[in-house]
Amino acid sequence: MKKYYITTPIYYVNDRPHIGHAYTTILADTLSRFRNLIGDTSFFLTGLDEHGLKVQQAAEKNGVTPAVHCDTMAPAFIELWEKLNINYSDFIRTTDKRHTKIVQNILNQVYDNGDIYQDEYEGWYSISEERFITEKEVESGLFGEVKKIKEKNYFFKMSKYQSELIEKIESNELSIQPKSRKNEVLGFLKNDLSDLCISRPKARLEWGIEIPFDKDYVTYVWFDALINYISAPKYSEDNKIFDLHWPADVHLIGKDILTTHSVYWPTMLMSLNLPLPKTIFAHGWWLTDDKKMSKSLGNVISPLMLIDEFGVDPVRYYLMSEMVLGLDATFSMDSFTKKYNSDLANDLGNLVSRVCTLISNNFDDKMPSYNAKDSELSERFNSINIKEHLDHFKIDGLLHEVMSFIRSVNGYMEKNQPWKLVKEDKESAGNILYHASEALRVSAIMLSPVMPEKSKEILAALGAKDLKLEWGILKSGDKILKTGPIFPRIIQ
RNA sequence: GGCGGAGUAGCUCAGUUGGUUAGAGCAGCGGAAUCAUAAUCCGAAGGUCGGGAGUUCAAAUCUCUCCUCCGCUACCA
């Protein structure tokens, strides 16, 4: 069995969860379930990033301590993941003791390696923003009271690893996808890399992990957060578990945090002398088509709002099949409805109904037997290469192929007309219905990573108990379970 | 300004190393069927592949140039 370690970013709790968080997490969940489906053992990590200035500020605004703020935000994420049927293997919070301890271990280790040094930084500091700003920002005059501050801080020797990093990215030892993102990072790395300031004086920021060798400082939030990918599998605490998981097969990220993941994180790992993640995949954004939406509904709708009305699975299906690779996609009620009706209601749902009804009416609710194990459908099914699509992160392509297979089953029905054939040659009609049912069974299984619950309903309707992705598994004579429409049409 | 990506049918997108009449889904049009969620199936139509120039027997695919959109990055006397 092959291990597959997949992560989402840990989400920053200064804001409530939104479609961006949900999309990444559904994508990770889908990939994870697909990996399990093809025989890998997936370990899927997600969690929360809870330190740093913005969390401290958000807490102050609400009049609570940062710890309380985090504890009230965490359930919002966890509940959404439950609602979205996210099957994560571990959920880490950067305030977990298991995490903070390891971050401190690592700081000590990097410090002992000589990759951390103290230096004095002098720059313009905005009182209202509570951060250093650039010369240009000072000139803009938009940052209120500014003063020049001289501050001692700890720096990580990121620059030391620049050329090694470039080499690893170019050789795809660290694969950054899609390719445009790889180019972007390499472009960024053409300029000299500076060292990374990884501390904040407690005098201006308390909410963080204390630097173990200087109690006047806390750890910069990104340095802290990125470590979650190895603290969850117990780096420096349990070698056996750690070696089983690391390196990660893929870090799934949004395109906004490309640099932190493709530059900061790999150099940190190099300093620890650890292998780099195999792949960093940056996906695009969901844009909303405001014009259309404000016209028809008077407000902007998020795909998340559709869940209560249409169920989680159709929304998951829509999100997974409509976004291409690493590109942005536009969400609209109209495109959702079209996708739902044509793919799920008309092609798939209706096919389940027609097959089940024919079996019910002509074969006494029992799965007919076949007189030939193979058919054009089995051949077509065998040509679908799930792993190939997964390896290239082409979930949309895979779903299109499965849908195309399902459409071909409708064609198969039309060509063979079992509803007529049954009157002359019941055995042959049974054979046709068996193959159509088997096609639906494997289709439901192939769709199960995207639509776990709806797939179960389809399998139940067919009376399928065995979930093997092979042809000819349905047992003749087993009872089918005819139900109402699994995907009722959306009437506009 | 530099680097990178995108511009293909009304819409969303495929088009591998240049090679037969440029593909799919959806929408639209015409027909068939009536087992099924007024679902399905078949057929035709629809594109000067952003504009222009070039290389080649042959270019959506390579080169140059221009236009539009997006991303990253830098910045100015």
Side-chain angles (χ1 to χ4, degrees), chain A residues 134-136 139 176-194 254-260 262-263 282-287 289 292 314 318 321-332 334-363 368 388-389 392 394-423 429-430 432-433 436-437 440 454 457-458 461 482-492:
Chain A
T134 64
E135 286 285 340
K136 204 180 163 191
E139 284 165 26
I176 298 173
Q177 294 193 56
K179 212 177 165 193
S180 52
R181 298 297 165 197
K182 174 181 174 178
N183 289 336
E184 197 176 305
V185 174
L186 286 171
F188 176 82
L189 287 169
K190 272 180 192 154
N191 302 317
D192 278 345
L193 214 48
S194 53
K255 60 184 184 180
D256 54 327
I257 50 178
L258 184 65
T259 305
T260 49
S262 311
V263 179
H283 64 71
W285 296 141
W286 277 97
L287 311 173
D289 193 343
K292 268 184 197 161
Y318 172 78
S321 63
E322 279 290 286
M323 187 178 277
V324 178
L325 216 54
L327 304 180
D328 288 347
T330 305
F331 165 79
S332 75
D334 190 49
S335 75
F336 174 79
T337 307
K338 270 186 181 148
K339 195 82 184 161
Y340 177 96
N341 277 342
S342 67
D343 287 8
L344 301 180
N346 298 351
D347 289 342
L348 176 56
N350 178 56
L351 179 62
V352 174
S353 293
R354 71 195 301 206
V355 169
C356 286
T357 302
L358 284 165
I359 293 176
S360 177
N361 291 348
N362 299 294
F363 293 88
E388 178 74 18
H389 284 100
H392 296 95
K394 298 207 171 174
I395 295 288
D396 64 307
L398 176 54
L399 292 177
H400 291 161
E401 195 167 341
V402 173
M403 277 319 302
S404 165
F405 174 61
I406 289 167
R407 258 177 252 117
S408 79
V409 182
N410 272 317
Y412 177 78
M413 293 286 283
E414 216 65 38
K415 202 160 64 186
N416 294 293
Q417 312 204 340
W419 52 92
K420 276 187 185 163
L421 191 59
V422 75
K423 291 168 192 156
I432 301 297
L433 290 173
S437 301
L440 279 171
K454 288 294 181 183
E457 285 181 39
I458 294 169
K482 197 173 173 267
T483 54
I486 291 173
F487 299 100
R489 264 179 80 77
I490 299 173
I491 313 289
Q492 286 172 295

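Computed from a prediction, not measured in an experiment: that's the story for all the values here. So you know, we letter chains A, B, ... as the sequences are listed, proteins then strands, and number each from 1.
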Chemist: Using side-chain heavy atoms (C-beta onward) and a distance below 4.5 Å, is M413(A) in contact with V355(A)?
Modeler: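 Result yes, sub-4.5 Å side-chain heavy-atom pair found.
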
Chemist: Reckon N362(A) touches a base, only the sugar-phosphate, or nothing at all at heavy-atom distances under 4.0 Å?
Modeler: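 Nothing: the residue N362(A), judged by heavy atoms under 4.0 Å, touches no strand.
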
Chemist: To the nearest 0.5 angstrom, please state how far the CZ atom of R489(A) sits from the CG atom of N346(A).
Modeler: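 One finds 4.5 Å between CZ of R489(A) and CG of N346(A).
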
Chemist: Using atom C1' of each nucleotide, how far apart are C13(B) and A22(B) to the nearest Å?
Modeler: 14 Å

Chemist: Taking pairing as Watson-Crick or G-U wobble with both contacts under 3.5 Å, can you name the mate of C64(B), or confirm there isn't one?
Modeler: G52(B)

Chemist: Measuring from the side chain of R407(A) (C-beta onward, heavy atoms only), which nucleotide among G25(B), U37(B), A27(B) has the closest atom?
Modeler: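 Closest nucleotide to the R407(A) side chain: G25(B).
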
Chemist: Is G187(A) touching bases, backbone alone, or none of the nucleic acid, heavy atoms closer than 4.0 Å?
Modeler: nothing

Chemist: Has K420(A) got a side-chain N or O lying under 4.0 Å from the OP1 or OP2 atom of U34(B)?
Modeler: yes

Chemist: Any idea which of C35(B), C26(B), G71(B) is nearest the M413(A) side chain?
Modeler: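 From the listed options, C35(B) comes nearest.
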
Chemist: What's the gap between C3(B) and G10(B) when it is taken at their P atoms, as a whole Å value?
Modeler: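 It works out to 34 Å between them.
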
Chemist: Below 4.5 Å, heavy atoms only, C-beta onward: do D396(A) and M323(A) meet side chain to side chain?
Modeler: no

Chemist: Provide, to the nearest angstrom, the distance between the CG atom belonging to L440(A) and the P atom belonging to C35(B).
Modeler: 19 Å

Chemist: For S408(A) and N191(A), take the nucleotide of RNA chain B holding the closest heavy atom to each; which residue's nucleotide lies nearer the 5' end?
Modeler: S408(A)

Chemist: With P as the reference atom in both, quote the distance from G50(B) to A60(B) in angstrom, rounded to an integer.
Modeler: 10 Å

Chemist: Please tell me which of the listed nucleotides, A27(B), U37(B), C35(B), lies nearest to the side chain of K338(A)?
Modeler: A27(B)

Chemist: Report the distance from atom CG of D396(A) to atom P of C26(B), rounded to the nearest whole Å.
Modeler: 16 Å

Chemist: Hey, does L258(A) reach any base, or is it just sugar-phosphate, or nothing, if we go heavy atoms under 4.0 Å?
Modeler: nothing

Chemist: Nearest to the side chain of N350(A), heavy atoms from C-beta on, is which of A39(B), C41(B), C35(B)?
Modeler: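 Nearest listed nucleotide: A39(B).
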
Chemist: Considering only the C1' atoms, how many Å lie between C66(B) and G30(B), rounded to the nearest integer?
Modeler: 43 Å

Chemist: Looking at side-chain heavy atoms only, is the closest gap between T483(A) and E457(A) below 4.5 Å?
Modeler: no

Chemist: Whole angstroms only, please: what is the CD1-P distance between I432(A) and C35(B)?
Modeler: 17 Å

Chemist: Given that E184(A) and K482(A) both sit by RNA chain B, which one's nearest nucleotide is further toward the 5' end?
Modeler: K482(A)

Chemist: Between the side-chain atoms of N346(A) and the base atoms of A39(B), is any donor-acceptor pair under 3.5 Å?
Modeler: no

Chemist: Can you find a side chain N or O atom of R489(A) that sits less than 4.0 Å from OP1 or OP2 on A39(B)?
Modeler: yes

Chemist: Rounded to the nearest Å, what distance is computed from the CD1 atom of residue I176(A) to the C1' atom of nucleotide G71(B)?
Modeler: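 That distance rounds to 15 Å.
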
Chemist: How far, in whole Å, is U56(B) from C41(B) if one measures between their C1' atoms?
Modeler: 45 Å

Chemist: Does any nucleotide pair with C72(B) by Watson-Crick or G-U wobble geometry, both distances under 3.5 Å, and what is it?
Modeler: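 Paired with C72(B), as far as the under-3.5 Å criterion goes, is G2(B).
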
Chemist: Sticking with atom P, work out how far U40(B) lies from C49(B), rounded to a whole angstrom.
Modeler: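 U40(B) and C49(B) have their P atoms separated by 33 Å.
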
Chemist: Is the closest side-chain heavy-atom distance between L348(A) and L440(A) below 4.5 Å?
Modeler: yes

Chemist: With both distances under 3.5 angstrom, what nucleotide forms a Watson-Crick or G-U wobble pair with C11(B)?
Modeler: G25(B)

Chemist: Could you tell me how far A45(B) sits from G54(B) if I compare only their C1' atoms? Round to whole Å.
Modeler: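 G54(B) and A45(B) have their C1' atoms separated by 35 Å.
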
Chemist: Rounded to whole angstroms, how far apart are CD1 on I359(A) and P on C35(B)?
Modeler: 16 Å

Chemist: Nearest to the side chain of F188(A) - A36(B), U73(B), G5(B)?
Modeler: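 Within the option list, the nearest is U73(B).
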
Chemist: Find out whether D343(A) and Y318(A) are in side-chain contact, i.e. whether some heavy atom of one side chain is under 4.5 Å from a heavy atom of the other.
Modeler: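 SC-SC contact between D343(A) and Y318(A) ruled out.
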
Chemist: By nearest atom, which of the nucleotides U37(B), C35(B), C26(B) is closest to the E414(A) side chain?
Modeler: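 The closest nucleotide is C35(B).
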
Chemist: Taking only the P atom of each, what is the distance from C26(B) to U21(B) in whole angstrom?
Modeler: 27 Å

Chemist: Send over the distance from L398(A) CG to A14(B) C1', rounded to a whole Å.
Modeler: 15 Å

Chemist: Report the base-pairing partner of A36(B) (Watson-Crick or G-U wobble, both distances below 3.5 angstrom), or none.
Modeler: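 In the structure as shown, A36(B) has no Watson-Crick or wobble partner.
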
Chemist: G15(B), C35(B), U40(B): which one has an atom nearest the side-chain heavy atoms of K394(A)?
Modeler: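 Among the listed nucleotides, the one closest to the side chain of K394(A) is G15(B).
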
Chemist: Can you tell whether the side chains of K338(A) and E322(A) come within less than 4.0 Å, N to carboxylate O?
Modeler: no

Chemist: What's the CD-C1' distance between E388(A) and U16(B), to the nearest Å?
Modeler: 11 Å

Chemist: State the pairing partner of C41(B); accept Watson-Crick or G-U wobble contacts with both distances under 3.5 Å, and report none otherwise.
Modeler: G31(B)

Chemist: Quick one: F331(A) CZ to U12(B) P, roughly how many Å, whole number?
Modeler: 16 Å

Chemist: Under 4.0 angstrom, heavy atoms only, what part of the nucleic acid is S342(A) near: base, sugar-phosphate, or nothing?
Modeler: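 Here S342(A) touches the backbone only, sparing every base.
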
Chemist: Using 0.5 Å steps for rounding, measure from the CG atom of D347(A) to the CG atom of N341(A).
Modeler: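 If we round to the nearest 0.5 Å, D347(A):CG and N341(A):CG are 10.5 Å apart.
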
